[in-house]
Visitor: 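Have a look at this one before I ask anything.
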Amino acid sequence: MEAFQLLCRGGARFDKQRFKENLALFDSKKTASHRAEKSVSENAELPTELDFFKYAKGGSGKRKAVEIEDEELETEVQRKPELDHDSNDNAPEKKRQRVTTKGSDVPPPIVSFNDLQERFNLPKRLLSNLSSNNYVNPTGIQAHAVPILLEGRDLAAISPTGTGKTLSYLLPVMSSLGVPMSNSKHDGSDGVRAVILAPTRELAHQIHNECLKLAEGRKWRIVLFSKATAATLAVKSVRDKIDIIISTPLRLVASLQDGKLVLNNVRHLVLDEADRLLDSEFISQTEEVIAACTHPELQKCVFSATLPAGAEKIAMSLLMDPIRVVVGLKDTPLPLIVQSLRYVADESSKLPTLLTYLSQPYNPPILVFTSTQPRASSLAEQLILNSVPNVDCLHAGMTKKEREDAVSRMRKGESWVMISTEVMARGMDFKGIRGVINYDFPTSVQSYVHRIGRTGRAGREGLAITYFTNEDASYLKAIANVLSQSGSTVPEWMLKLPKPSKLKRRQMGKVNRGDAVSKAGNIGRSLAIKRKDMVAGSKRRKAKDKDE
DNA sequence: AAAAAAC
């Protein structure tokens, strides 16, 4: 491991001169990356039926017409504030991100953050913290979600990657809490008042940072839950002064089971990346946290860029009289991400293809996704051995410190090529990421959408390239559909590929996509799934108890 | 379905 780190350092020298040259090159020739990619294709022998570039002349012609400005987005929001039906069947050529809401008595959206002061008496400090952190105008999801949450309603919010979901729940939660627990005005009810759940440590950390920005100037106690903080919170007098806990589910569950944490005063529970937190691997933990939040005035909300039908049903069953807000088309990436699919024949041609790509001028930093931890490590090693500069690696098999260091290098712009696993796929907001390469094909539509959503954030452009081999053929159609739906040009033959079996379609999260909102009675099935998961969860817990 | 992630 140490040897690897040394290698990493050695290979990771920051070559400012080259960096400058690259930037200069790219400012004048925006299409160079496309050309670089095309020249690579000469290396590979393509079977005619898989010759992507034969069909994809000019790459993303359709997409160029789609220029989304934040301002445009808002006018759209103002014009159509209260549409009352699902947008799933809308034509994909809709250029702008539109917002659809569903539910009873939906509060109207805000136009500017200042509206919040009149309508909800938002603390002045929060408003000034917004502007001092350069939050000027609310995004579509913020305009809709903030008033809904401030009215105390439960909410399911679906909005594309990089559209400001975090602020959409932090702002109303902090406003609703009103006065920090440390303030002497509080002596009645004691204990943690808000819990925010996220699926990875890195994401919890990032949410914590955002939360601290809003907290500036007041004595909020906002805790990024970890082993260390869990120990200090075992003391009731400390715990009772906590305002917000941000955590991964399992960390909270561990403390709950130890009896060292009580959540019976929690008034706000947020599930970020909700579909992930409700999937079969996480749901028993998530449910345990939800069950521990016993306060009758508990407000719950779920946020994600994707919400497959199964997860949506579970989410809706958790919420009380919920409002559902969808920005854009569900399970669809932002249109300002230029997406392409790249045929690489087989496993052995992936590395040469990537090396060629990285040997040409490209826009750093880029994020490269692999399917497993060992593949991430060894790919990073290979790139370093091949003298690729500023290569970095991040997966959950690394130590906490290694992970933190990698994130900080990324934030500082020191990494040009970050090799990672799914751990980086969701929620992480590295503003500068120019491109994403799916070195290994994503295993679901949701994974694809979240992975490429690491680029093209907050109105910036981004590039997404997905390698596919012959082995990935059965999943290709589903991903090709995503490209097509979000306005990228896709070769006809990909869309005409035979439908994968029903099993495969379910794997790709595509089943029931059209009629996602439970018109049909699939509730029995979803309950069955839920029960199965709970049994699995309790079995796991029992096994754990035995161990201890 | 499988890997990853969560402690």
Side-chain angles (χ1 to χ4, degrees), chain A residues 195-207 224-231 233-234 245-261 271-290 304 308 310 367-379 393-400 402-403 406-407 419-428 438-448 450-451 471-472 474-475 478 500-511 529 532-533 536-537 540-541 543-545 547-548:
Chain A
V195 170
I196 297 164
L197 290 183
T200 64
R201 253 186 239 154
E202 279 76 13
L203 183 53
H205 199 293
Q206 180 180 289
I207 295 166
L224 177 57
F225 210 53
S226 67
K227 225 176 203 148
T229 53
L233 291 202
I245 280 183
I246 301 161
S247 176
T248 55
L250 195 52
R251 183 57 260 175
L252 276 190
V253 167
S255 284
L256 287 171
Q257 290 180 348
D258 284 354
K260 287 182 178 160
L261 183 65
L271 307 187
D272 202 345
E273 305 297 343
D275 52 336
R276 180 74 180 96
L277 292 177
L278 297 174
D279 80 12
S280 60
E281 293 301 297
F282 261 116
I283 186 149
S284 62
Q285 302 165 26
T286 306
E287 279 179 334
E288 202 160 331
V289 174
I290 296 171
S304 186
L367 194 49
V368 179
F369 283 102
T370 62
S371 59
T372 67
Q373 295 178 7
R375 282 177 66 75
S377 302
S378 78
L379 178 59
C393 182
L394 175 47
H395 59 67
M398 294 159 53
T399 66
K400 198 181 172 195
E402 287 168 335
R403 287 169 69 168
V407 169
I419 318 289
S420 188
T421 60
E422 286 300 300
V423 71
M424 281 288 100
R426 283 173 175 262
M428 294 312 293
N438 288 315
Y439 189 80
D440 292 330
F441 207 73
T443 55
S444 70
V445 166
Q446 286 73 30
S447 165
Y448 177 75
H450 284 278
R451 280 178 178 192
E471 285 178 9
D472 301 317
S474 48
Y475 303 102
S501 66
K502 203 165 191 186
L503 183 66
K504 288 227 165 94
R505 280 171 63 219
R506 191 167 306 147
Q507 287 164 18
M508 296 300 287
K510 294 292 270 192
V511 168
I529 290 169
K532 193 188 76 191
D533 289 329
R540 218 173 299 147
R541 278 194 294 281
K544 211 175 162 191
D545 291 343
D547 290 346
E548 283 163 5

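Side chains are part of it too, since the values below use all heavy atoms of this structure and drop only hydrogens, waters and symmetry mates. To find a chain, count down the sequence lines: A is the first, B the second, and so on, and within it residues start at 1. Remember, it's a predicted structure, so these values are computed and weren't measured experimentally.
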Visitor: Between C1' on B:dC7 and CZ on A:Arg201, what's the gap in Å once rounded to a whole number?
Guide: 8 Å

Visitor: Under 4.0 Å between a side-chain N/O of A:Thr248 and OP1 or OP2 of B:dC7, yes or no?
Guide: yes

Visitor: In Å and rounded to the nearest 0.5 Å, what is the CD1 to OG distance from A:Ile246 to A:Ser226?
Guide: 12.0 Å

Visitor: Would you mind reading off the distance between A:Phe282 atom CZ and B:dA3 atom C1', rounded to a whole angstrom?
Guide: 13 Å

Visitor: How long is the line joining CZ of A:Arg251 and P of B:dA5, in whole Å?
Guide: 18 Å

Visitor: For the atom pair CD (A:Gln446) and CD (A:Glu422), what is the distance rounded to the nearest 0.5 Å?
Guide: 11.0 Å

Visitor: Report the distance from atom CD of A:Glu202 to atom P of B:dA5, rounded to the nearest whole Å.
Guide: 9 Å

Visitor: Could you tell me whether the side chain of A:Gln285 has a donor or acceptor atom within less than 3.5 Å of a complementary atom in the base of B:dA6?
Guide: yes

Visitor: Just checking A:Pro249: base, sugar-phosphate only, or nothing, at a heavy-atom cut-off of under 4.0 Å?
Guide: nothing

Visitor: Tell me whether the side-chain N/O atoms of A:Arg403 come closer than 4.0 Å to OP1 or OP2 in B:dA6.
Guide: yes

Visitor: When you measure from the side-chain N and O atoms of A:Arg426 to the phosphate of B:dA4, is any distance below 4.0 Å, counting only OP1 and OP2?
Guide: no

Visitor: Measure distances between side-chain N and O atoms of A:Glu281 and base N and O atoms of B:dA4, and say whether any donor-acceptor pair falls under 3.5 Å.
Guide: yes

Visitor: Nearest to the side chain of A:Val423 - B:dA5, B:dC7, B:dA1?
Guide: B:dA5

Visitor: Could you check how far CZ of A:Arg276 sits from P of B:dA2, rounded to whole Å?
Guide: 16 Å

Visitor: Is any side-chain nitrogen or oxygen of A:Ser371 closer than 4.0 Å to OP1 or OP2 of B:dA2?
Guide: no

Visitor: Please determine, for the side chain of A:Thr443, which listed nucleotide (B:dC7, B:dA1, B:dA5) has the closest atom?
Guide: B:dA1

Visitor: Applying salt bridge (Lys or Arg N to Asp or Glu O under 4.0 Å), can you list everything that pairs with A:Arg375, at least two apart in sequence or on another chain?
Guide: A:Glu347, A:Asp440

Visitor: So, using side chain to side chain donor-acceptor pair (under 3.5 Å) as the criterion, who are the partners of A:Thr372 when residues are at least two apart?
Guide: none

Visitor: What's the closest nucleotide to the side chain of A:Thr372 if the choices are B:dA2, B:dC7, B:dA4?
Guide: B:dA4

Visitor: Expressed in angstrom and rounded to an integer, what is the separation of A:Arg451 atom CZ from B:dA3 atom P?
Guide: 14 Å

Visitor: If I take atom CZ from residue A:Phe282 and atom CG from residue A:Leu277, how far apart are they, to the nearest 0.5 angstrom?
Guide: 6.0 Å

Visitor: Whole angstroms only, please: what is the CG-P distance between A:Asp440 and B:dA4?
Guide: 10 Å

Visitor: What is the separation between atom NZ on A:Lys400 and atom P on B:dA5, rounded to the nearest whole Å?
Guide: 16 Å

